[in-house]
Amino acid sequence: MTFQNVATLLGGIAMFIFGMNSMSDNLKDMAGNYLKKVLAKLTENRFVAVLVGAGLTAIIQSSNAICSMVVNFVNAGLMQLERSVGIIIGAKIGTTITGQLIAFHISDYATILIFAGVVITMFISNKRIKYLGNVIASLGILFLGLGLMESSMEPLKDLAWFQNIVARLENPLLGVLFGVVFTTVMQSVSASVGILQMMMLAGIIGFTPAFYVMMGMNIGASIAPILAAIGGRKDAKRVAAVVVELQVVGTVFFLVMCLFLPITQWLQVTSSDPSRQMANANTIYNIIMAVVTFPLAIPLVKLSRILIRGGDKEQEEGKLEYVTEAGLKGSETAIPQIDAEVRRMENLTKQNLKIATDTFFSTEPYNKDKFMVTEKAIDFLNKAITDSLIRCSALKLTPQEAEHVGHLFHVITDLERIGDHAENLIDYANRMIEENKPFSEKAKFELKELVVMVIHILDDACVHLFEPSQEAYNNIFLQEAAIDDLVDLMKENHVQRLHDGECRSSQGLIFVESLTDLERISDHALNIAQAAKVRYHYDGPDAPPINPATL
């Protein structure tokens, strides 16, 4: 084994991994929002989930990406833990397509694929076709790396020390352990099995030890969802636990079967080509594992709840609950997690607004310190979500995703301002109660009507932000106009009450300031509605002309 052989082997491995990762990334870009839509809206039918998991993984050639996405979706509350199991089982089947592709041995045509892919990316302007060109070029680099690996590995079969190591892998437990460690380092079961195929093709490892190593490699692939779950919620960590459980159950099942049945001999007869033998073994192993573990889905979920006990702590003031470090590495997981934090900020803002407005009609002042705990959480989320949005903006986003991220910057500012107005309102209400200067009954009646309208428009705006429709936006626009008219009328009535001696000027100041804050809240609610995922403008009767700058 010369230095040249070692250098060629390392270069081949590097090209193979680079080509595989690049192909996976570009296939994921070609799929666009399709992945998120399918995963987020997946039916609760677990059998369908298996098929979807297998199909999506076959499309993007990365079970790690699918499993990590599932972890982050569960963390963001977009998917239930129980619904994730089917996708994970299917993903393990889908990832075996890479091995089948490698077994075609088209390394001789690798340079042609690279040339074709580069030509497409250079001369075609369509973005999706460019992605296809990148996929073709990446596939060529992948096979070129395989060719280099195969030629440089051949001298290993003549090295006594290396063959001694391989001989030890005949022990099932040692073989599985080696596979676990190898894939934990590689962080890709497809890449690990591909290298194993080249070792078999070069004649440096037999089928039986390679089969044990392959089983361990499938367990080692669990490292990706484990890393994605770090810092996440309990259910996200349970998804990672389920991934490990599925792999361990499948491996134990096959190891036991190997004691009583000639499993490896049966698998070897599927092809005379060593590389195809391993590809078939990996596919059959994962299909049988899916059949064995499918009925165990619910018990495995229950086991994950035993292993990871308890629930999540109450939302802390200085902590993001849904956004994780792993989730911010790709738009397909970052945006849903940020959306979940925005919804959390919406709920906290509406909570404080409800407390503040209810206090106007109470006989006891509200504890301001307790109110400020939520207000500080709103302020924290404003800064933390902004930081997350900035990091998300640096990712590769589609035009629609970039627009949505840009709108969210404005949404969280509006929510923070609503929180400030709610703080003003709680101060006014507490002061009125503490100084025993209640509003007149007429003023209370009018204020109650206004409060109901303001809370209603904020609720509708928050729903419209993520579920937009032209009809809903028209309704919000008209609500805001009606609130403006009501505030003007209330101010006129207030002046009349002052003139008639029905209220005092000290009460009047609080009343007018309260009206101003409530009117501003409705303005911010309209701003939130205008920042929906799909932009709408009022097109009903007497619609104002559209300013192109707002489109």
- Query: Is the charged tip of K448 near the ring of F361: under 6.0 Å from the six-membered ring centre and within 45° of its axis?
  - Reply: yes

Checklist entry - Would R343 count as a cation-pi partner of Y322, with NZ or CZ less than 6.0 Å from the six-membered ring centre and within 45° of the ring normal? => result no

What's the separation between atom [atom1] in [X] and atom [atom2] in [Y], rounded to the nearest 0.5 Å?
| X | Y | atom1 | atom2 | answer |
| --- | --- | --- | --- | --- |
| I66 | S84 | CD1 | OG | 13.0 Å |
| N347 | N352 | CG | CG | 12.0 Å |
| C392 | F409 | SG | CZ | 8.5 Å |
| N218 | L246 | CG | CG | 11.5 Å |
| I87 | L56 | CD1 | CG | 8.0 Å |
| L415 | L458 | CG | CG | 7.5 Å |

Of all the heavy-atom pairs spanning [X] and [Y], show the shortest one and how long it is.
| X | Y | value |
| --- | --- | --- |
| G232 | K237 | O-CE, 3.4 Å |
| L425 | A356 | CB-CB, 3.9 Å |
| V405 | S393 | CG1-OG, 3.5 Å |
| T183 | S192 | OG1-OG, 3.2 Å |
| H407 | A531 | CB-O, 3.4 Å |
| P295 | V292 | CD-O, 3.3 Å |

Pairwise side-chain contact, [X] with [Y], heavy-atom cut-off 4.5 Å (strictly under):
| X | Y | result |
| --- | --- | --- |
| K444 | E441 | yes |
| D379 | E416 | yes |
| I426 | R431 | no |
| T516 | R520 | yes |
| F466 | D339 | yes |
| F73 | Q80 | no |
| M186 | M217 | no |
| I355 | T374 | no |

task = Show the numbers, then the answer: is there a side-chain contact (heavy atoms from CB on, under 4.5 Å) between R497 and F511?
result = CA-CA 12 Å; R497 284 193 295 272; F511 186 76; 3.7 Å; yes

Has [X] got a side-chain atom pairing as donor or acceptor with [Y]'s backbone, closer than 3.5 angstrom?
| X | Y | result |
| --- | --- | --- |
| T293 | L296 | no |
| N75 | A236 | no |
| Q337 | A334 | no |
| N382 | I378 | no |
| S304 | V301 | yes |
| D460 | I476 | no |
| E480 | A525 | no |
| R238 | I308 | yes |
| N430 | Y366 | yes |
| E341 | E321 | yes |

Review point. Which of parallel (below 30°), tilted (30 to 60°) and perpendicular (above 60°) describes F294 and F47?
Key: perpendicular

*Could you check whether the rings of H464 and Y473 sit parallel, tilted or perpendicular, using 30° and 60° as the cut-offs?*
tilted

Has [X] got more than 12 heavy atoms of other residues, nucleotides or ligands less than 6.0 Å from its [atom1]?
| X | atom1 | result |
| --- | --- | --- |
| E471 | CD | no |
| K329 | NZ | no |
| K350 | NZ | yes |
| K368 | NZ | yes |

Problem - Test: R417 and D420 ion pair at under 4.0 Å - result: yes

- Task: Flag the pair K354 and D459 as a salt bridge only when some basic side-chain nitrogen lies within less than 4.0 angstrom of an acidic carboxylate oxygen.
- Result: no

If we ignore angles and hydrogens, is there a donor and acceptor under 3.5 Å between the side chains of [X] and [Y]?
| X | Y | answer |
| --- | --- | --- |
| S22 | N134 | no |
| N493 | E446 | yes |
| T95 | T57 | no |
| Q470 | N474 | yes |

Requested in this report: Any chance you could lay out the salt bridge (Lys or Arg N to Asp or Glu O under 4.0 Å) test for D235 and R305, step after step, and finish with the verdict?
Outcome: CA-CA 8 Å; D235 273 355; R305 296 189 187 280; 3.6 Å; yes

The single option from I528, T386, T349 that satisfies side chain to side chain contact (heavy atoms under 4.5 Å, CB included) with I412 is T386

| task | Please report the C-alpha distance between I433 and T363 in whole Å, then the side-chain angles of each, then the deciding distance to 0.1 Å, and finally whether the side-chain contact (heavy atoms from CB on, under 4.5 Å) criterion is met. | result | CA-CA 7 Å; I433 295 170; T363 57; 5.9 Å; no

side-chain contact (heavy atoms from CB on, under 4.5 Å), that's the test. Do S522 and Q479 meet it? Break it down for me. CA-CA 9 Å; S522 72; Q479 286 183 62; over 6 Å; no

Assess the residue pair K92 and Q247 against the criterion (side-chain contact (heavy atoms from CB on, under 4.5 Å)); give the C-alpha distance rounded to whole Å, side-chain angles, the decisive distance to 0.1 Å, and a yes or no.
CA-CA 9 Å; K92 296 303 177 181; Q247 296 303 324; 3.1 Å; yes

